[in-house]
Amino acid sequence: MGVEMRVAVVCSSNQNRSMEAHSFLSKRGYRVRSFGTGNQVKLPGPSLDKPNIYDFNTTYDEMYKDLLRKDPELYTQNGILHMLDRNRRIKPKPERFQSCKDKFEVVITCEERVYDQLLEDMKTREKDDMNPVHIINIDIQDNHEEATIGAFLICDLVSMLSESDDLDNDIDEILQDFEPRCQRTILHTVNFY
């Protein structure tokens, strides 16, 4: 299958985990896109009960400038400005998976809630050519360190999957090999477009 395999990486807000993996995979030449499944984009704020909330149509650059205006010291210290700077170099703005009509061979989610939202969305879609899509979940905590570790794991998995000549046949075995290596529970389901 090789580098031609179309991969999507999905977290809640298309900010941290999915974008870190998007960055890693694209640097290695994979055809990758990233998405969120949330209704809004949420970024940490001055306190847990005061997150910064944006619409998915807000560009990474607009978010960056907004937070720079609000509290440059806080958002530099917690790494949010650095993250947004990386994001705006990859693509203009976050995207919702539910709004995307493109098809992928593999979709990797970063938490079980996102996996469930994605499966729910796939149920509502019209099936046309019955192309299979492998939806895989690897739980990754939403912090900078875990996002980096998660990106390595996702890249490792995508590399293993892309080496298969018959993904539909080989995927269970590949995931069984991968699970002990990543020391996380892997969820997997096959869906159809």
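The shown structure was predicted, so the numbers you read here are calculated from the model rather than taken from an experiment.
Between F35 and F104, the angle of the ring planes goes over 60°, which puts this pair in the perpendicular group of the 30/60° scheme.
More than 12 heavy atoms of other residues, nucleotides or ligands shown are found within 6.0 angstrom of NZ on K127. Annotation for F152: atom CZ does not count as buried by contact number, only 12 or fewer foreign heavy atoms lying within 6.0 Å. Applying the 6.0 Å contact sphere to NZ of K103 captures more than 12 heavy atoms from other residues, nucleotides or ligands.
The side chain to side chain contact (heavy atoms under 4.5 Å, CB included) test with Y115 is passed by exactly one of T189, V107, V10: T189.
Contact detail for Y75 and N52: the closest heavy-atom pair is OH-ND2, 2.9 Å. Taking both residues in full, the closest heavy atoms of N14 and G36 are given as CB-N, 3.5 Å, listed atom of the first, atom of the second, then distance. Closest approach of Q15 to V41, counting heavy atoms only: NE2-CG1, 3.2 Å. Considering all non-hydrogen atoms of both residues, L67 and Y54 come closest at CD2-OH, 3.4 Å.
Looking only at side-chain heavy atoms (C-beta outward), C11 and E111 stay at 4.5 Å or farther from each other. Proximity of V106 to L157: side-chain heavy atoms (C-beta onward) are nowhere separated by under 4.5 Å. Contact of the I136 side chain with the I171 side chain is registered, since non-hydrogen atoms from C-beta on lie closer than 4.5 Å. Residues E120 and T124 form no side-chain contact, since every pair of their non-hydrogen atoms from C-beta on lies 4.5 Å or further apart. Looking at heavy atoms from C-beta onward, Y60 lies out of side-chain contact with R86 at the 4.5 angstrom threshold. Here the side chains of N16 and C110 are not in contact, with every heavy-atom distance at 4.5 Å or above. Considering only heavy atoms from C-beta on, Q176 stays 4.5 Å or farther from I186 through its side chain. L153 has its side chain within reach of F178: a pair of non-hydrogen atoms, C-beta onward, lies under 4.5 Å apart.
The same ILVMFWY cluster, assembled from side-chain heavy atoms under 4.5 Å apart, contains both Y30 and V9. Under the 4.5 Å side-chain heavy-atom criterion for ILVMFWY residues, no single connected hydrophobic cluster contains both M160 and I135. L175 and V190 fall into different hydrophobic clusters, defined by Ile, Leu, Val, Met, Phe, Trp and Tyr side-chain heavy atoms under 4.5 Å apart, directly or through other members. Cluster membership check: L25 does not share its hydrophobic cluster with V133, using side-chain heavy-atom separations under 4.5 Å among Ile, Leu, Val, Met, Phe, Trp and Tyr. F192 is not connected to L187 by any chain of hydrophobic side-chain contacts under 4.5 Å among Ile, Leu, Val, Met, Phe, Trp and Tyr, and they are in different clusters.
With hydrogens and angles ignored, the 3.5 Å screen pairs a side-chain donor or acceptor of E62 with a backbone N or O of T59. For the pair S13 (side chain) and K42 (backbone), a donor-acceptor distance under 3.5 Å is present. Between the side chain of E105 and the main chain of M5, no donor-acceptor pair closer than 3.5 Å is present. R28 places no side-chain N or O within 3.5 Å of a backbone atom of C155 that could act as its donor or acceptor partner. With hydrogens and angles disregarded, no donor-acceptor distance shorter than 3.5 Å links the side chain of S164 to the backbone of L161. A donor-acceptor distance shorter than 3.5 angstrom exists from the side chain of Q98 to the backbone of T37, with no hydrogens or angles considered. The backbone N or O of G38 lies less than 3.5 Å from a partner atom in the side chain of R96, making a donor-acceptor pair. R184 places a side-chain N or O within 3.5 Å of a backbone atom of D139 that can act as its donor or acceptor partner.
Interatomic distance, D121 CG to D116 CG, rounded to the nearest 0.5 Å: 12.5 Å. Rounding to the nearest 0.5 Å gives a distance of 11.0 Å between OG1 of T109 and CZ of R113. Atom-to-atom distance recorded for I53:CD1 and T58:OG1 is 11.5 Å, nearest 0.5 angstrom. For the atom pair CE (M122) and CG (L118), the distance works out to 7.0 Å, reported to the nearest 0.5 Å. Within the model, atoms CG of N131 and CG of N191 stand 12.0 Å from one another, a figure rounded to the nearest 0.5 Å. L167 CG to D172 CG: the interatomic distance, rounded to the nearest 0.5 Å, is 10.0 Å.
Side chains of S47 and D49: a donor-acceptor N/O pair is present below 3.5 angstrom, by distance only.
A salt bridge between D102 and R6 is absent, with no side-chain N of the basic residue lying under 4.0 Å from a carboxylate O of the acidic one. The existence of a salt bridge linking D66 and K70 is confirmed by a sub-4.0 Å separation between a basic side-chain nitrogen and an acidic carboxylate oxygen.
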Next item on the list: Evaluate the criterion side-chain contact (heavy atoms from CB on, under 4.5 Å) for residue pair V158 and I108; output intermediate values, then yes/no.
Entry: CA-CA 9 Å; V158 168; I108 300 173; 3.7 Å; yes
Item checked: Residues S34, R17; criterion side-chain contact (heavy atoms from CB on, under 4.5 Å); working and verdict -> CA-CA 9 Å; S34 59; R17 298 163 293 177; over 6 Å; no
Item checked: Criterion side-chain contact (heavy atoms from CB on, under 4.5 Å) on E145 and T148, from CA distance to verdict -> CA-CA 5 Å; E145 191 181 337; T148 302; 6.0 Å; no
Next item on the list: Test side-chain contact (heavy atoms from CB on, under 4.5 Å) on H188 and I174 and set out the steps.
Entry: CA-CA 11 Å; H188 169 243; I174 293 169; over 6 Å; no
